[in-house]
Amino acid sequence: MAIETFTFCPRVNPEGAFTQRIRSVQFGDGYTQRSGDGINIESQSWPITFVGSTDLIQPIVAFLRRHNGYIAFQWVNPLSELGLYCCPDGFNVTAQGKNASGVQMFQITATLITAYHP
């Protein structure tokens, strides 16, 4: 199966969290030695939100459901960096009521996490 690309544009101002995995050893004299843990020590987490009608929301829901939380996909994060991500913690869909035109509106929230292999 080819790796798909997540092309949907989230609402503005997503806040990414960058974490590095390190190992450390504390010695008796107060010195701490630190090193990276593995070859992929940095991970990113991007909470994203989408708001729109059924026409906008349904393709996003279908994409996330098709990837089942563990299948990696490509995404260009807000820093314009292309990477592999997945959505392991699921996503939430909230019905927002109808807009002034009488169209049902929805909100999706999800967190995309760095994935290191497809």
What verdict does the side chain to side chain contact (heavy atoms under 4.5 Å, CB included) test give for Ile48 and Phe6, after you've listed the backbone C-alpha separation in whole Å, the side-chain angles of each residue and the deciding distance to 0.1 Å? CA-CA 12 Å; Ile48 55 175; Phe6 190 77; 4.0 Å; yes
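- Heavy atoms only, all atoms of each residue included: Pro47 and Glu15 are closest at CD-O, 3.2 Å.
- Side-chain contact between Lys98 and Val103: absent, with no pair of heavy atoms (C-beta onward) separated by less than 4.5 Å.
- Atoms CG and CD1, from Asp89 and Ile113 in turn, are 6.0 Å apart once rounded to the nearest 0.5 Å.
- Under 3.5 Å, the side chains of Thr32 and Gln26 contain a donor-acceptor pair of N or O atoms.
- Pro78 approaches Trp75 most closely through the heavy-atom pair CD-CH2, 3.6 Å.
- Heavy atoms of other residues, nucleotides or ligands lying less than 6.0 angstrom from CZ of Arg21 number more than 12.
- Taking the six-membered ring wherever Trp is involved, the centroid distance between the rings of Phe73 and Phe63 falls below 6.0 Å.
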Could you walk me through whether Thr109 and Phe91 pass the side chain to side chain contact (heavy atoms under 4.5 Å, CB included) check? CA-CA 6 Å; Thr109 57; Phe91 57 94; over 6 Å; no
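- Between Ile3 and Leu84 there is a side-chain heavy-atom pair separated by less than 4.5 Å.
- Rounding to the nearest 0.5 angstrom, the gap separating the CE atom in Met105 from the OG atom in Ser53 is 6.0 Å.
- Annotation: the span from Phe50 atom CZ to Cys9 atom SG amounts to 7.5 Å, rounded to 0.5 Å.
- Residues Trp46 and Thr111 have side chains not in contact (no heavy-atom distance under 4.5 Å, counting atoms from C-beta outward).
- Closest of all the heavy-atom pairs between Cys87 and Leu112 is CB-CD2, 4.0 Å.
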Worked check of side chain to side chain contact (heavy atoms under 4.5 Å, CB included) between Val76 and Glu81: CA-CA 5 Å; Val76 177; Glu81 300 170 339; over 6 Å; no
Where do Gln74 and Leu82 land on the side chain to side chain contact (heavy atoms under 4.5 Å, CB included) test, with the steps shown first? CA-CA 7 Å; Gln74 293 182 338; Leu82 177 65; 3.9 Å; yes
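- For Gln44 and Tyr85, the side-chain atoms include at least one donor-acceptor pair closer than 3.5 Å.
- Here the side chains of Ile60 and Ile108 are in contact, with some heavy-atom distance below 4.5 Å.
- Across Val51 and Ile57, no two heavy atoms sit closer than the pair C-CD1, 4.4 Å.
- Within the model, atoms CD1 of Ile39 and OH of Tyr116 stand 9.5 Å from one another, a figure rounded to the nearest 0.5 Å.
- Partners of Arg11 under the salt bridge (Lys or Arg N to Asp or Glu O under 4.0 Å) rule, at least two apart in sequence or in another chain, do not exist in this structure.
- Membership of the apolar cluster around Val25 extends to Phe27, Tyr31, as traced through chained side-chain contacts below 4.5 Å between ILVMFWY residues.
- The residues Glu4 and Arg66 are annotated as salt-bridged, a charged nitrogen and a carboxylate oxygen being separated by less than 4.0 angstrom.
- In plain terms, the two heavy atoms of Ala72 and Ala115 that are nearest each other are CB-CB, 3.9 Å.
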